[in-house]
Amino acid sequence: MSTLLAALAASAPLVAGWSVHAWLLRSRLHTARRDPLTGLRTRDGFTRRARVLLKDPRAVVVLADVDRFKHINDTYGHAAGDALLKATADRLAHYVGTAGVAGRLGGDEFAAVIIDKHGTVGDLLAVLHGVLARPADGLDPAVRTTVSLGWARAADHPGEELPDLLRRADEAMYAAKQGRAGVRRAGLGSLFATLTGRRSGRRGARTGAPDVGMAA
């Protein structure tokens, strides 16, 4: 018995060390999947969670892009631009809640997947568009802009996966931005995209009118 106790005592520091090591690895992985500025998930973290949510046919993919962001940075400075991004991220995360996922894809572009339990996502996104246009707390009220939103309902495009739905939402968002419509829903027809998956107006995209519907 004393030999067993001695062996257990000797192994305790090793077990504790591995436990701490595993905790540190999990912590670093969690940090790596969070955007340091906004606290939202990075593209990798967003993708992992979004793929799980898209198993629900009520899932809706949303793409959001801050309008005139370069103008804000150039006019008021990068600190003001960062504060605007943080405010946008906080408001988007609050709207999405714990049942969905929000992420920063890069720059001033955000994405979300939400579960439309009541079929009212079009109306709710219209409200969100107004919320995102409010000035950020603590900033000069002049530092304000709007956020263009595009969205695609997974059930409208059976068999399509996250990259396809993001491209559809991207097309709708770009149409909203060009038409100053605020919010646009991806149409139910064929996907308007280039072979490289870039929307009109981005490098490698062909010209033409995107296939989008109205916000309802």
Side-chain angles (χ1 to χ4, degrees), residues 15-67 69-70 72-73 78-117 121 124-125 128-129 131-132 136-137 145 147-154 157 159-174 186 193 196-199 202-203:
V15 172
W18 276 110
S19 297
V20 172
H21 180 66
W23 178 84
L24 287 173
L25 286 177
R26 287 195 298 269
S27 178
R28 289 172 182 172
L29 183 61
H30 175 79
T31 301
R33 291 177 180 168
R34 292 284 175 175
D35 174 56
L37 173 63
T38 65
L40 294 183
R41 296 181 188 235
T42 60
R43 182 182 292 270
D44 179 62
F46 168 78
T47 298
R48 289 172 181 268
R49 178 60 181 155
R51 284 174 173 164
V52 174
L53 292 173
L54 284 174
K55 295 177 181 179
D56 189 325
R58 300 172 299 174
V60 171
V61 175
V62 182
L63 204 67
D65 192 84
V66 179
D67 301 323
F69 183 68
K70 184 177 184 302
I72 296 294
N73 266 342
H78 289 282
D82 287 350
L84 184 62
L85 291 178
K86 183 67 168 62
T88 299
D90 289 345
R91 292 164 182 174
L92 180 62
H94 179 76
Y95 168 81
V96 170
T98 57
V101 64
R104 184 186 181 195
L105 301 187
D108 58 341
E109 188 174 61
F110 301 87
V113 174
I114 56 179
I115 304 301
D116 185 19
K117 297 179 180 179
V121 69
L124 293 175
L125 286 174
L128 175 65
H129 178 259
V131 171
L132 294 177
D137 294 339
T145 184
V147 178
S148 296
L149 302 171
W151 61 281
R153 190 186 299 277
H157 313 283
E160 293 193 355
E161 298 184 355
L162 180 62
D164 306 305
L165 294 169
L166 279 173
R167 284 196 293 269
R168 288 187 182 274
D170 186 53
E171 289 288 343
M173 182 275 296
Y174 186 65
T196 56
R198 306 302 287 172
R199 62 171 160 81
R202 291 189 178 183
R203 182 178 300 177

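For the numbers below, each heavy atom of this structure counts, side chains included, while hydrogens, waters and symmetry mates do not.
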> Begin from the C-alpha positions of Asp170 and Arg167 and carry the test salt bridge (Lys or Arg N to Asp or Glu O under 4.0 Å) through to its verdict.
CA-CA 5 Å; Asp170 186 53; Arg167 284 196 293 269; over 6 Å; no
> Return the CG to CD1 distance between Leu84 and Ile72, rounded to the nearest 0.5 Å.
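So the CG of Leu84 and the CD1 of Ile72 are separated by 6.0 Å.
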> Using a 4.5 Å cut-off on heavy atoms from C-beta on, say whether the side chain of Tyr95 contacts that of Ile114.
yes
> Please name the residue in the list Thr88, Asp35, Thr42 that meets the side chain to side chain donor-acceptor pair (under 3.5 Å) test with Arg104.
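Output: one option passes, namely Asp35.
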> For a quick test of reading the model, state the closest non-hydrogen atom pair linking Val96 to Val101 and the distance between them.
CG1-N, 3.2 Å
> Flag the pair His157 / Asp164 as yes when at least one side-chain heavy-atom distance between them is below 4.5 Å, and no otherwise.
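Counting from C-beta outward, His157 and Asp164 never come under 4.5 Å.
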> Distance only, no hydrogens: is a donor on one side chain within 3.5 Å (strictly under) of an acceptor on the other, for Asp67 and Ser148?
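Result is yes, a qualifying pair exists.
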> Between Asp90 and Lys86 (salt bridge meaning N to carboxylate O under 4.0 Å), is one present in this structure?
yes
> What closest approach, in Å, do Ala50 and Leu162 show between heavy atoms, and which atom pair accounts for it?
CB-CD2, 3.9 Å
> Any heavy-atom pair between the side chains of Phe110 and Leu85 that's under 4.5 Å?
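SC-SC contact between Leu85 and Phe110 confirmed.
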> Measuring from Thr38:OG1 to Asp82:CG, what's the distance to the nearest 0.5 Å?
10.5 Å
> Indicate the atoms forming the closest heavy-atom contact of Val147 with Ala64, along with that distance.
CG1-CB, 3.7 Å
> As an exercise, state the distance from NZ of Lys70 to CG of Asp108, rounded to the nearest 0.5 Å.
12.0 Å
> Please report the interatomic distance CD(Glu109) to CE(Met173), rounded to the nearest 0.5 Å.
5.5 Å
> Please round to the nearest 0.5 Å and tell me the distance separating atom CZ of Arg41 and atom CZ of Arg49.
6.5 Å
> Apply salt bridge (Lys or Arg N to Asp or Glu O under 4.0 Å) to the pair Asp44 and Arg48, showing each step before the final yes or no.
CA-CA 6 Å; Asp44 179 62; Arg48 289 172 181 268; 3.3 Å; yes
> Within a strict 4.5 Å, meaning less than it, do heavy atoms of the Thr145 and Phe69 side chains meet?
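No, their side chains stay 4.5 Å or more apart.
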> Can you check whether His94 reaches Val131 side chain to side chain, under 4.5 Å on heavy atoms?
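His94 does not reach Val131 side chain to side chain.
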> Check Gly81 against Asn73 and note the closest heavy-atom contact, atom names and distance.
CA-OD1, 3.4 Å
> Nearest 0.5 angstrom please: His129 NE2 to Leu132 CG, how far?
7.5 Å
